[in-house]
Amino acid sequence: ALLQRVSYMEQTLQTLNEQMKTLNKDEKFFRQWQSLKFLPGQLNDLKHFVVYVGTVETEKAEQFEQAIAEFEMIYEEDVYQTDDNYGYLIVAPVDHAEEFLLTGQQFGFQELNYPYERLPQEELSENLAKQKEIREKLASEKKMLAGFTEVRTSLQLAEEYFYNMRERE
């Protein structure tokens, strides 16, 4: 029963560590996009403008911005910058959308896939709360597991003691 409990606790620790990895990855994503004050899918119904949210690799970002600046009717705003890529908000009149798409394609613009129902800032807050909860669970499980490890060591020593006593007889 003790070994089963220890095994279960070790599996629980592994599961919690995997959840933390996922939450850390999601946290990075939410932190990058946290300045967005709208959901990307919310603006699909505009009659006169098309809104694109996405990324370009850092190496191509400056050239991308210069190419977009040549279009008088297309608005570009940096949302975030990392070593790997830049996040952008692009607003184009409907009649200039095709021009942007061609330019974006030329520079590897990747449109944001945002499957969440709340703003990145709200998702980030929830993510951080979940991380805190999991860290507390991890600490508790590790503490309990350490206690069981001591019991297991004591049982192993007792087993060796009784084995030696039996061998002496």
Side-chain angles (χ1 to χ4, degrees), residues 7-146:
S7 177
Y8 174 76
M9 291 175 78
E10 288 172 342
Q11 288 175 343
T12 301
L13 284 174
Q14 184 177 357
T15 301
L16 290 172
N17 281 323
E18 289 171 7
Q19 289 175 355
M20 277 300 287
K21 284 180 186 176
T22 301
L23 288 170
N24 285 330
K25 182 179 155 221
D26 290 347
E27 175 190 358
K28 180 182 175 187
F29 174 81
F30 295 134
R31 283 193 187 280
Q32 290 172 338
W33 294 105
Q34 69 180 329
S35 64
L36 282 183
K37 302 301 180 205
F38 63 91
L39 294 174
Q42 282 180 327
L43 302 178
N44 290 342
D45 298 333
L46 298 176
K47 290 183 180 181
H48 302 289
F49 294 94
V50 180
V51 178
Y52 299 99
V53 180
T55 60
V56 172
E57 293 177 359
T58 299
E59 300 83 44
K60 299 177 183 177
E62 188 175 334
Q63 295 166 325
F64 174 73
E65 290 176 14
Q66 289 171 356
I68 296 300
E70 291 179 18
F71 298 108
E72 291 181 18
M73 300 298 292
I74 298 178
Y75 171 78
E76 169 267 317
E77 182 176 315
D78 291 7
V79 177
Y80 75 87
Q81 299 175 4
T82 67
D83 292 339
D84 299 327
N85 54 39
Y86 280 35
Y88 292 103
L89 166 69
I90 308 290
V91 180
V94 171
D95 55 341
H96 291 285
E98 190 67 32
E99 295 171 54
F100 167 73
L101 289 174
L102 291 172
T103 303
Q105 188 176 27
Q106 180 182 352
F107 292 97
F109 181 82
Q110 295 290 313
E111 202 162 346
L112 174 66
N113 176 19
Y114 192 82
Y116 307 96
E117 295 182 14
R118 294 181 304 171
L119 296 174
Q121 181 64 46
E122 295 169 4
E123 292 288 346
L124 177 61
S125 295
E126 183 180 319
N127 177 291
L128 294 173
K130 285 179 183 177
Q131 283 188 50
K132 181 181 178 190
E133 182 181 317
I134 289 176
R135 274 193 299 274
E136 290 170 357
K137 284 181 184 177
L138 277 168
S140 172
E141 289 289 325
K142 285 179 181 178
K143 188 176 180 179
M144 286 176 54
L145 188 58

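Note that the CZ atom of R118 and the CG atom of L124 stand 11.0 Å from one another [nearest 0.5 Å]. Expressed to the nearest 0.5 Å, how far NE2 of H96 lies from CG of L101 amounts to 13.0 Å. Interatomic distance, K130 NZ to E126 CD, rounded to the nearest 0.5 Å: 4.0 Å. Once rounded to the nearest 0.5 Å, the distance linking CE of M9 with NZ of K142 reads 12.0 Å. Between atom CE of residue M73 and atom CG of residue D95 there is a gap of 7.0 Å, rounded to the nearest 0.5 Å. In this structure, CD in E141 is found 7.5 Å from OH in Y8, a value given to the nearest 0.5 Å.
By the neighbour-count criterion of 12 heavy atoms within 6.0 Å, atom CD of Q105 is sparsely surrounded, having that number or fewer from other residues, nucleotides or ligands. Few gaps surround CD on E122; more than 12 heavy atoms of other groups in view lie less than 6.0 Å from it.
Shown here for L16 and I134, the closest heavy-atom pair between the two residues is O-CG2, 3.8 Å. Contact detail for Q34 and K37: the closest heavy-atom pair is O-NZ, 3.7 Å. Residues T55 and G87 come closest through the heavy atom pair CG2-CA, 4.2 Å. Across F107 and V56, no two heavy atoms sit closer than the pair O-CG1, 3.6 Å. Summarising the geometry of V51 relative to V91, their closest heavy-atom pair is CG2-CG2, 4.2 Å, with the distance given to 0.1 Å. Residues V79 and Q32 share a closest heavy-atom pair of CG1-O, 4.1 Å.
No donor-acceptor distance shorter than 3.5 angstrom exists from the side chain of S140 to the backbone of E136, with no hydrogens or angles considered. Using a distance-only test at 3.5 Å, with no hydrogens or angles considered, a donor-acceptor pair links the side chain of Q42 to the main chain of L39.
Counting only heavy atoms from C-beta outward, the side chains of I74 and I90 approach each other to under 4.5 Å. Contact annotation: the side chain of F29 never approaches that of N127 to less than 4.5 Å [non-hydrogen atoms, C-beta and beyond]. In this structure the side chain of L128 never reaches within 4.5 angstrom of the side chain of F30, judged on heavy atoms. A 4.5 Å side-chain heavy-atom check between E98 and L102 finds at least one atom pair inside the cut-off. Annotation: side chain of M20 is in contact with side chain of R135 (closest heavy-atom distance under 4.5 Å).
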Stepwise, does the side chain to side chain contact (heavy atoms under 4.5 Å, CB included) test hold for E18 with T22? CA-CA 6 Å; E18 289 171 7; T22 301; 5.7 Å; no
Audit row: Y114, V53, side chain to side chain contact (heavy atoms under 4.5 Å, CB included) steps and yes/no: CA-CA 10 Å; Y114 192 82; V53 180; over 6 Å; no
Run the numbers on Y86 and F64 for ring-ring contact (aromatic ring centres under 6.0 Å, His included), then give the verdict. CA-CA 10 Å; Y86 280 35; F64 174 73; 9.7 Å; no
Verdict with supporting geometry, N17 and Q14, side chain to side chain contact (heavy atoms under 4.5 Å, CB included): CA-CA 5 Å; N17 281 323; Q14 184 177 357; 5.7 Å; no
Dump the intermediate steps for side chain to side chain contact (heavy atoms under 4.5 Å, CB included) on D78 and E65, then the final yes or no. CA-CA 9 Å; D78 291 7; E65 290 176 14; 3.2 Å; yes
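Remark: aromatic rings of Y88 and F109 are distant, center separation not under 6.0 Å.
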